[in-house]
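All values derive from a computational prediction rather than experimental measurement.
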Amino acid sequence: PQLDRAKLYLRKGEELMRRQKFDFRMEVAEPLYLYTALMAGYSRLGRFRDTFSVLGILRQRKIRLSAVTFSILQRCCFSRLDAATDVRQLLRIMEQMGVTPET
């Protein structure tokens, strides 16, 4: 239920940003921060498939990811059986997107 609410807020935030009808006194986060928060929530609940589906959405929309976003994904990889392969694939994606690993 809480993640469904997070998805609703994400959609509303994107809609506001598209319309650009928001109060300038209010700080509106960029879409990446909203998506990263959603990914972190999925990850904490063990919903790793959903976490990676958000990555697919970000790539489709050509939103440049941050090292923080990738660290969430990396933690998801460690919980899987073939963690080394998953992490290598994640590093390739980072390289393609021009994001430098912090560690």
Side-chain angles (χ1 to χ4, degrees):
Q2 290 179 344
L3 281 176
D4 292 334
R5 188 174 297 155
K7 284 182 183 179
L8 176 68
Y9 290 144
L10 177 65
R11 284 190 211 108
K12 286 186 180 218
E14 286 180 326
E15 185 180 316
L16 272 174
M17 290 168 58
R18 270 195 303 275
R19 290 183 188 173
Q20 295 183 355
K21 290 184 179 179
F22 47 84
D23 185 354
F24 285 101
R25 293 177 308 221
M26 178 179 82
E27 287 187 36
V28 177
E30 293 179 30
L32 178 60
Y33 298 119
L34 298 171
Y35 282 111
T36 301
L38 183 62
M39 292 169 80
Y42 279 143
S43 175
R44 285 187 185 134
L45 292 175
R47 294 175 59 179
F48 305 122
R49 183 168 295 194
D50 291 326
T51 305
F52 281 96
S53 71
V54 175
L55 171 64
I57 292 167
L58 291 169
R59 291 182 75 189
Q60 280 180 333
R61 295 182 180 187
K62 299 185 184 337
I63 296 174
R64 191 174 192 291
L65 306 181
S66 70
V68 172
T69 309
F70 278 106
S71 72
I72 292 167
L73 293 166
Q74 191 175 25
R75 278 182 264 150
C76 290
C77 290
F78 293 140
S79 66
R80 298 167 56 129
L81 293 175
D82 196 7
T85 303
D86 291 340
V87 170
R88 278 193 293 276
Q89 183 178 358
L90 199 55
L91 288 171
R92 278 194 298 274
I93 293 170
M94 288 178 74
E95 187 178 311
Q96 290 170 356
M97 299 184 88
V99 177
T100 309
E102 290 186 351
T103 56

If we only count heavy atoms from C-beta on, is the Phe70 to Ile93 side-chain gap below 4.5 Å?
yes
Does one hydrophobic cluster hold both Phe52 and Ile63, with members joined at side-chain heavy-atom distances below 4.5 Å?
yes
Should Gln74 and Met94 count as side-chain neighbours, where that means a heavy-atom distance under 4.5 Å?
no
Nearest atoms (heavy-atom pairs only) where Val99 meets Ser66
CG1-C, 4.1 Å
Return the CZ to OG1 distance between Arg44 and Thr51, rounded to the nearest 0.5 Å.
11.0 Å
Which distance, rounded to the nearest 0.5 Å, do you find between the CG of Leu55 and the CE of Met97?
7.0 Å
So, Ser43 side chain and Ala40 main chain: donor-acceptor pair closer than 3.5 Å or not?
no
Roughly how far, to the nearest 0.5 Å, is CG of Leu45 from CG of Asp50?
9.5 Å
Sidechain-backbone polar pair: Thr36 side chain, Leu32 backbone, donor-acceptor under 3.5 Å:
yes
Flag, side chain of Ser71 to backbone of Val68, donor-acceptor distance under 3.5 Å:
yes
Is any side-chain heavy atom of Leu38 less than 4.5 Å from a side-chain heavy atom of Leu34?
no
Mind checking whether Val54 and Phe48 sit in one hydrophobic cluster, side chains of I, L, V, M, F, W, Y counted as touching below 4.5 Å?
no
Between Met39 and Leu58 the two heavy atoms that sit nearest each other are SD-CD1, 4.0 Å
Main chain of Gly98, side chain of Arg64: is a donor-acceptor contact present, judged purely on distance under 3.5 Å?
yes
